[in-house]
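Shown next, in structure tokens, is the structure this report addresses.
All values below were derived from every heavy atom in this structure, side-chain atoms included, with hydrogens, water molecules and symmetry-related copies excluded. Order of the sequence lines sets the chain letters (A, B, ...), proteins ahead of strands, with each chain counted from 1.
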2 protein chains.
Amino acid sequence: MSKYKGQDRFLLAIDCIIFGFDGSNIKLLLVHRDIEPEKDKWSLMGGFVHADETPDDAANRILEELTGLKSVYMEQMQAFGALNRDPVERTVSIAYYALIDIHKYEQQLSHKHHAEWFLVGDMPDLIFDHSDMVKMAKKRLQYKAALHPILFQLLPEKFTIPQLQALYEGIYQSKLDDRNFSRKLLSTGLLIKLPEKEKLSSKKGAFYYTLDQSHYMENFHSFLNFIPNPDRFFKD
Amino acid sequence: MSKYKGQDRFLLAIDCIIFGFDGSNIKLLLVHRDIEPEKDKWSLMGGFVHADETPDDAANRILEELTGLKSVYMEQMQAFGALNRDPVERTVSIAYYALIDIHKYEQQLSHKHHAEWFLVGDMPDLIFDHSDMVKMAKKRLQYKAALHPILFQLLPEKFTIPQLQALYEGIYQSKLDDRNFSRKLLSTGLLIKLPEKEKLSSKKGAFYYTLDQSHYMENFHSFLNFIPNPDRFFKD
DNA sequence: GCAAAAGTGTTAGCGATACACCCATGA
DNA sequence: TCATGGGTGTATCGCTAACACTTTTGC
């Protein structure tokens, strides 16, 4: 079983950047360390890859352990391997980002890991190189969402256009024009208008929409140009 | 030095997808295996990560070993970790893609690894999951090149517009309109016209251009929309 | 003089942006 | 009735894409 003689072996970790959206703001799920080292600091949810699983398997296992959720939208981002990124011992970590519907997250499970949602704009210091990972994940999400309708993964089954707009505004940190936004959005044919209204966040109420699943995959590529001048986000 | 007890350790490899461009066609540099297993098959250039180097370091070392080139444009793509991707022993490989000026490649070094350039459209069978890596790299390059002027990394100092167009046509596997292409390109202000002409590939000869290095970095993001309907390449 | 590739200009149509008003409702 | 947020329509401008002919030169 050990045919490649004389080669070095590495600890392989997974770290998950878990994005959520509460209807108004974009948040990240972090866990609190109550052990040394870096006690009382916050960190991304992570864990080691086991010998009998792939990195993808491990990422899903770790995400499920924290959130109780399976089949979540998750994508491998990048391996981080600086020599002393983990001061305890040399570890190479593969970072994944995940998009979850914040409402499906089982709050009670959080106590095991002391998890908490933080606004992306107002995050505590993170251990190791986790802040770099978060920064890269935000950028990746901007790229990906400019070309593909992945942000629906952050929303519940039913959502309103103003919610969707708040989501895009949060991801791109910029105000979008209501009229142009809804027109472009509806023109994709991806949305189905429901007869109900959401009446919590306004007096008039906003109609709920749901995703047309049959068109979602086939139109995955046609969902572009939501963001004026998207290139300003692609500066690196 | 071994503080994380009871965790599994992994062989960590690097595989490099090395793109080149000969003025007409896009090529990949492959190495020939003259040992078992998979003797007589072709493979990506690869190697193991050493304990005292980062994956990026290892990728650069491995690339230099094959090509003799340093400070090449290289980007981490993705970690591949299927359980039996390497039948010899469990190995997780981090794939990088590199863009090199084919003319700088030292041909004589190739003998050590039995390296050879192959047209991307006419590749032999590759070992392990290397064909998947190549497929993903081609896609990544399409994405990246649609947003950033990275394809200049494949060209020599001096190049002609028809060469550049052939390069884009190769990357996107589609014919582009000469007039629109050169107009868009020149309008970026990234190119400096030289007084000389390249006269090998045509009777009339085409003017050489060179990259305006001072504008290259600052305009890195403004070099968009070269490809009509780029979304058709972003279907997954 | 002819074949082969380089180089250049114009136009039409679509899509992106900017912009202002009415609607529905709860308090 | 008023304040709040939801919802819709239009005009302009710029960019994209489609398209054809002239130029240069080696053979």
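Mapping B:S201 and A:K197 onto DNA chain C via the closest heavy atom, the residue that lands nearer the 5' end is B:S201. Taking for each of A:Q163 and B:R183 the nucleotide of DNA chain D with the nearest heavy atom, the 5'-most of the two is the partner of A:Q163.
In this structure, B:D177 atom CG and C:dG7 atom C1' are separated by 12 Å, rounded to whole Å. Here C:dT17 presents its C1' atom at 8 Å from NZ of A:K184, a figure rounded to the nearest Å. Taking atom CG of B:L186 as the reference point, atom P of C:dA6 lies 14 Å away to the nearest angstrom. What separates CD of B:E198 from P of C:dG7 is a distance of 10 Å, to the nearest Å. We find that CD of B:Q165 is positioned 12 Å from C1' of C:dA5, with the value rounded to whole Å. Counting to the nearest Å, the P atom of C:dA18 and the CG atom of A:L176 are 11 Å from each other. Spacing between atom CG of B:D178 and atom P of D:dC21 amounts to 15 Å, rounded to whole angstrom units. Straight-line distance from the CZ atom of B:F181 to the P atom of D:dA18: 16 Å, rounded to whole Å.
Here the closest non-hydrogen pair linking A:F207 and A:Y209 is O-CD1, 3.5 Å.
Between the side chain of B:N180 and the base of D:dA18, a donor-acceptor pair under 3.5 Å is found. Contact of A:R179 with C:dA20 (side chain to base): a donor-acceptor pair of N or O atoms is detected under 3.5 Å.
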Go through A:L154 and A:D101 one step at a time and tell me if the side chain to side chain contact (heavy atoms under 4.5 Å, CB included) criterion holds. CA-CA 5 Å; A:L154 288 163; A:D101 172 2; over 6 Å; no
Check against side chain to side chain contact (heavy atoms under 4.5 Å, CB included), B:M133 and B:F128: CA-CA 10 Å; B:M133 293 180 178; B:F128 305 171; over 6 Å; no
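In this structure, the ring of B:F181 has its center less than 6.0 angstrom from the ring center of B:Y168.
Between A:Y105 and A:W117, the angle of the ring planes goes over 60°, which puts this pair in the perpendicular group of the 30/60° scheme.
The side chain of A:K199 lies closest to C:dT25 when the candidates are D:dG7, C:dT25, C:dA6.
Applying the salt bridge (charged side-chain N to carboxylate O under 4.0 Å, His left out) definition to pairs two or more places apart or across chains, those involving residues 187-209 of chain B are B:K158-B:E196.
Side-chain contact check for A:Y96 and A:D56: at least one donor-acceptor pair (N or O, by modelled atom type) lies under 3.5 Å.
Contacts between residues 202-212 of chain A and DNA chain C, defined by a heavy-atom separation below 4.0 Å, involve A:K203, A:K204, listed by number.
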